[in-house]
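What follows is a short report on a single structure.
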Amino acid sequence: MYKLVSGGAHQPAITSRYSHLLKSLYKPPTPPLMKHPTKMQNLFITILIIFFLYNPSAALGEGTLAGGWKPIPDVTDPTVVDIAKFAVDEHNKEAHAALKFVKVVKGESQVVSGKNYNLTIMAADGGAGKNYVALVWDKPWQKFRKLVSFKGPV
């Protein structure tokens with residue numbers, strides 16, 4: 001009365017008086033997810049890989065955004081002091097002033113095409129030292145440095 005006939009790879013062929021019911025209940029297995037990714041999925045995965053390669057802080061879960069300002073932990077670092085002295089010298093040339101560099105009070109940096117330095121600098125003008133704020137754009141591999149702004153005393 002019942003007869004089983006070998007079927008294809010996905011669905012066995014069943015012949016019986018209830019075979020039409022059995023066939024309606026059988027569903028072929030679904031292929032695994034991402035067996036054949038679409039072009040959009042490939043693009044999305046590629047963008048994610050590039051993002052995490054060029055922005056490791058996001059992959060590691062650190063809080064600093066790329067391009068954001070980060071405090072400079074050591075304002076006595078020779079590079080930071082050199083940039084601060086450059087800012088005072090450039091300001092003196094542009095404003096025909098005679099400020100003398102004293103020290104870097106605080107600073108923060110931002111990675112751009114090079115680095116921006118936002119420095120609070122103490123400088124003296126013959127009397128007591130006063131604080132000034134300088135923004136310097138530095139690209140050391142091109143030997144390029146530019147005073148973007150110099151404000152103060154603040």
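Everything numeric in this text was worked out from a predicted model, so none of it was measured. In what follows, residues are counted from 1 in the order of the sequence shown. Worth knowing before you read on, the calculation uses all heavy atoms, side chains too, and leaves out hydrogens, waters and symmetry mates.
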**Report entry** Listed once per pair and sorted, the salt bridge (Lys or Arg N to Asp or Glu O under 4.0 Å) pairs that draw on residues 99-118, sequence neighbours left out
**Finding:** none

Report summary line: Excluding V133, membership of its hydrophobic cluster (Ile, Leu, Val, Met, Phe, Trp, Tyr; side-chain heavy atoms within less than 4.5 Å) reads V154

Report task. Taking side chain to side chain contact (heavy atoms under 4.5 Å, CB included) as the test, write out the residues that go with L43, two or more places apart. Result -> M40, I47

Query - Partners meeting ring-ring contact (aromatic ring centres under 6.0 Å, His included) with F144 (sequence neighbours left out) - result: W137

Query raised in the report: Same cluster for L135 and I121 if Ile/Leu/Val/Met/Phe/Trp/Tyr side chains link at under 4.5 Å?
Result: no

Report summary line: Of all heavy-atom pairs linking V112 and N116, the shortest is CG1-ND2, 3.7 Å

Query - Partners meeting ring-ring contact (aromatic ring centres under 6.0 Å, His included) with Y132 (sequence neighbours left out) - result: F150

Query raised in the report: Going by the salt bridge (Lys or Arg N to Asp or Glu O under 4.0 Å) test, which pairs reach into residues 140-153, not counting sequence neighbours?
Result: D82-R145, D138-R145

Report summary line: Hits for ring-ring contact (aromatic ring centres under 6.0 Å, His included) against F101, two or more places apart or cross-chain, chain-then-number order -> none

Query raised in the report: Do L119 and I83 come close enough that some side-chain heavy atom pair is under 4.5 Å?
Result: yes

Throw together a table of side-chain donor-acceptor distances under 3.5 angstrom for residues 89-98, partners on residues two or more places apart or in other chains.
residue : atom : partner : partner atom : Å
E90     : OE2  : K93     : NZ           : 3.3
N92     : OD1  : L99     : N            : 3.0
N92     : ND2  : V88     : O            : 3.4
N92     : ND2  : L99     : O            : 2.9

Report summary line: Residues passing the side-chain hydrogen bond (donor to acceptor under 3.5 Å, both in side chains) test with S113, sequence neighbours excluded, are none

Report task. List, by chain and then residue number, the residues other than V102 in its hydrophobic cluster (Ile/Leu/Val/Met/Phe/Trp/Tyr, side-chain heavy atoms under 4.5 Å); write none if there are no others. Result -> V105, M122

Report summary line: Of all heavy-atom pairs linking L147 and A134, the shortest is CD1-CB, 4.3 Å

Report summary line: Those residues at least two apart in sequence (or on a different chain) that pass side-chain hydrogen bond (donor to acceptor under 3.5 Å, both in side chains) with K139 are Q142

Requested in this report: Answer yes or no: is there a side-chain heavy-atom contact under 4.5 Å between V81 and V75?
Outcome: no

Query - W69 reachable from V148 in the ILVMFWY side-chain graph, under 4.5 Å edges - result: yes

**Report entry** ring-ring contact (aromatic ring centres under 6.0 Å, His included): pairs with one or both residues in residues 108-128, sequence neighbours excluded
**Finding:** none

